[in-house]
**Student:** 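To start, I am sharing the structure in question, which I have written as structure tokens.
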Amino acid sequence: MLSKLSLLIIIMIMVMMNVIKASPVNYGEALSKSILFFEGQRSGKLPDSQRMKWRKDSALRDGSDIQMDMVGGYYDAGDNMKFNFPMAFTTTMLGWSVIEFGDEMGSELTNALEALKWGSDYFLKATYDPDRIVAQVGNSIVDHNCWERPEDMDTPRTSYYVTPQQPGSELSAEMAAALAASSIAFRTSNASYSDLLRHRADEVFDFANNYRGSYNNSIGMAVCPFYCDVSGYMDELIWGASWLYKASNDSRYLDFVKSNIKFIGNDVFEFGWDNKDAGINVLVSQWAMADPSNRDPFISNADKFICSLLPTASTKTVSYSKGGLLFKVGGSNLQHTTSLSFLLIVYARYIQAANRIIQCENEVADPATLINLAKNQVDYILGNNPLRMSYMVGYGAKFPQKIHHRGSTLPSMDMHPQQFKCHDGDEYFKTQSPNPNILVGAVVGGPAEDDSFQDSRYNVPQSEPATYINAPFVGVLAYFNKPNIFS
Ligand SMILES: *[C@@H]1O[C@H](CO)[C@@H](O)[C@H](O)[C@H]1NC(C)=O
Ligand SMILES: *[C@@H]1O[C@H](CO)[C@@H](O)[C@H](O)[C@H]1NC(C)=O
Ligand SMILES: *[C@@H]1O[C@H](CO)[C@@H](O)[C@H](O)[C@H]1NC(C)=O
């Protein structure tokens with residue numbers, strides 16, 4: 001028999017092991033930081049409320065080359081480009097985060113809405129001219145060749161746009177989705193703004209649908225190879241219509257979704273800035289569950305998508321590292337992990353509300369299965385991984401110090417008011433020193449499939465943050481800050 005003392009020692013050892021095994025995650029802190037990150041990516045004239053103080057006004061003449069006001073919006077990632085296609089997806093996902101999880105955000109809701117408005121205000125500008133939708137500001141090749149602060153930019157700020165003759169259906173339909181999602185998110189706090197967004201979303205959707213074509217072909221080299229639309233534009237048209245239906249209940253949009261869904265085929269496993277398929281099925285399944293006549297193929301496709309993610313399912317199409325992180329083909333892996341985790345939680349809530357479970361080939365998944373899988377991903381990202389490394393900058397004891405991000409790498413305007421020209425920043429890129437400015441909340445591309453991580457500016461897929469990695473993560477963190485599925 002164990003003495004009381006040895007029992008106590010055993011318990012203490014177990015407690016210590018557990019502490020070492022899984023340090024508690026502070027979802028509330030991570031949520032605040034995930035939203036703060038967007039202030040670091042702001043382009044344009046910064047408001048008094050700006051909290052990330054090392055950033056200053058930048059790109060105040062954007063759009064002047066085409067006599068438009070394109071000031072504002074977000075820099076895409078570690079560069080100083082405004083790529084409106086992925087930026088619109090980021091805005092849609094910030095909107096969806098607020099719509100689905102705003103009630104769980106507490107005092108962070110105000111900040112989340114401000115981050116969303118920074119995007120939606122910009123898209124009102126980008127779609128201001130009904131016959132000219134702005135696709136991008138900045139010259140990708142020249143921008144990427146320089147290592148300079150946004151505040152100093154001396155590279156061409158060329159504006160690229162699509163028109164009825166040179167269309168861009170994926171670009172404009174994603175903007176329609178962003179505007180529609182924003183209109184729902186602002187409905188209670190600012191009704192007139194919400195109406196304005198809705199009205200614009202209608203117009204932009206018509207533009208996308210009436211003038212069909214890919215912006216690949218219309219603006220070509222400006223956006224390819226960076227944000228070429230590989231999956232075609234039908235998914236964005238259906239996604240845009242789904243968001244417009246959610247925002248308006250206008251049956252014309254539901255009819256569009258139902259009659260066009262067949263055109264995106266069986267590719268139901270993808271979700272990101274390029275491909276919206278899994279997102280469409282999850283989003284539409286919410287009302288499809290309530291109305292049997294709308295059920296097919298949305299629910300079976302969403303179920304199939306979930307079965308493709310479960311680690312022990314025979315139908316799995318993703319992979320997991322030894323440490324448990326979800327991997328999918330395509331660079332900047334954490335973009336997949338955060339957006340797929342978002343869909344896991346949203347779908348868990350929808351099937352919970354409809355009292356459903358998911359039957360995969362060799363196993364059954366209930367809402368808790370989905371939530372636990374998403375929680376493992378979030379916890380991994382925030383430090384419960386073999387390296388004990390947080391992949392969110394400024395969160396936890398150990399996080400990436402040398403992220404691939406121009407503004408973060410170079411001394412701030414306060415420290416170094418003189419301009420850095422195109423290559424003046426190169427020495428800061430090459431140095432082994434940590435970045436001087438902490439881009440708090442930025443989630444980087446993340447570790448390799450063997451759970452290793454190279455904290456190096458040269459390793460772009462691992463060390464670069466991107467707005468579309470963070471946007472779905474905002475909703476995911478809000479959920480885990482106040483999980484209420486089983487209440
Ligand atoms: C609603 O949004 C508009 C447009 O941004 C703004 O001018 C107005 O002050 C907002 N109203 C409220 C009540 O926040
Ligand atoms: C866009 O360009 C990529 C790369 O050239 C190509 O694979 C894809 O099919 C194009 N998409 C459309 C819709 O034209
Ligand atoms: C659409 O219908 C739903 C369900 O009846 C309702 O909750 C929502 O407020 C409606 N939206 C609009 C914009 O009318």
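Both ligands and their constituent atoms are indexed starting at 1 by order of listing. In this text, all values refer to a predicted model and were calculated from it rather than measured experimentally.
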**Student:** Are the charged groups of Lys276 and Glu236 less than 4.0 angstrom apart, N to O?
**Tutor:**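 Judged by the 4.0 Å cut-off on N to carboxylate O distance, Lys276 and Glu236 do form a salt bridge.
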
**Student:** Does ligand 1 have any N/O pairs with the protein under 3.5 Å, and how far apart?
**Tutor:**
unit_1, atom_1, unit_2, atom_2, d
ligand 1, 2 (O), Asn190, ND2, 2.3
ligand 1, 5 (O), Lys117, NZ, 2.6
ligand 1, 11 (N), Asn190, ND2, 2.8
ligand 1, 14 (O), Asn190, ND2, 3.4

**Student:** Closer than 4.0 angstrom, basic N to acidic O: yes or no for Lys82 and Asp62?
**Tutor:**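 Looking at Lys82 and Asp62, the cut-off is met.
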
**Student:** Looking at Asp103 and Lys482, is any side-chain nitrogen of the basic one under 4.0 Å from a carboxylate oxygen of the acidic one?
**Tutor:**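 The answer is no: the pair does not qualify as a salt bridge.
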
**Student:** Can you tell whether the side chains of Asp152 and Arg149 come within less than 4.0 Å, N to carboxylate O?
**Tutor:**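 Here Asp152 pairs with Arg149 in a salt bridge, since their nearest N and O are under 4.0 Å apart.
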
**Student:** Hey, are Arg187 and Asp195 close enough for a salt bridge, meaning a charged N less than 4.0 Å from a carboxylate O?
**Tutor:**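 No salt bridge links Arg187 with Asp195.
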
**Student:** Identify, by atom number and element, the atoms of ligand 3 in contact range of Ala247, meaning under 4.0 Å from any of its heavy atoms.
**Tutor:**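 Near Ala247, the atoms of ligand 3 are 13 (C).
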
**Student:** Is the shortest side-chain N to carboxylate O distance from Glu151 to Arg42 below 4.0 Å?
**Tutor:**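 Answer for the salt bridge query: no.
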
**Student:** Return yes if some donor-acceptor pair links the side-chain N/O of Asp65 with the main-chain N/O of Thr158 below 3.5 Å, else return no.
**Tutor:**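 It does not hold such a pair.
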
**Student:** Using a 4.0 Å cut-off to any heavy atom of Asp229, which atoms of ligand 2 qualify?
**Tutor:**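 Per the distance check, 1 (C), 8 (C), 10 (C), 11 (N), 12 (C), 13 (C).
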
**Student:** Does Asp202 pair with Arg198 as a salt bridge, N-O distance under 4.0 Å?
**Tutor:**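 Here Asp202 pairs with Arg198 in a salt bridge, since their nearest N and O are under 4.0 Å apart.
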
**Student:** May I ask you to check whether Asn216 has an N/O atom sitting below 3.5 Å from an N/O atom of ligand 2?
**Tutor:**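 Checking ligand 2 against Asn216, an N or O pair does fall under 3.5 Å apart.
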
**Student:** Quick check on contacts: which atoms of ligand 2 are under 4.0 angstrom from a heavy atom of Ser214?
**Tutor:**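 Listed by number with element, the hits are 12 (C), 13 (C), 14 (O).
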
**Student:** Does Lys246 come within less than 4.0 Å of ligand 3, judged by its heavy atoms?
**Tutor:**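 No; Lys246 lies far enough from ligand 3 that no heavy-atom distance drops under 4.0 Å.
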
**Student:** Anything under 30° is parallel, anything over 60° is perpendicular, the rest tilted; go ahead and classify Trp239 against Phe89.
**Tutor:**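 Because their plane-to-plane angle lies in the 30° to 60° range, the rings of Trp239 and Phe89 count as tilted.
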
**Student:** Which of the numbered atoms in ligand 3 are below 4.0 angstrom from a heavy atom of Arg187?
**Tutor:**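 Selected atoms, number and element: 13 (C).
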
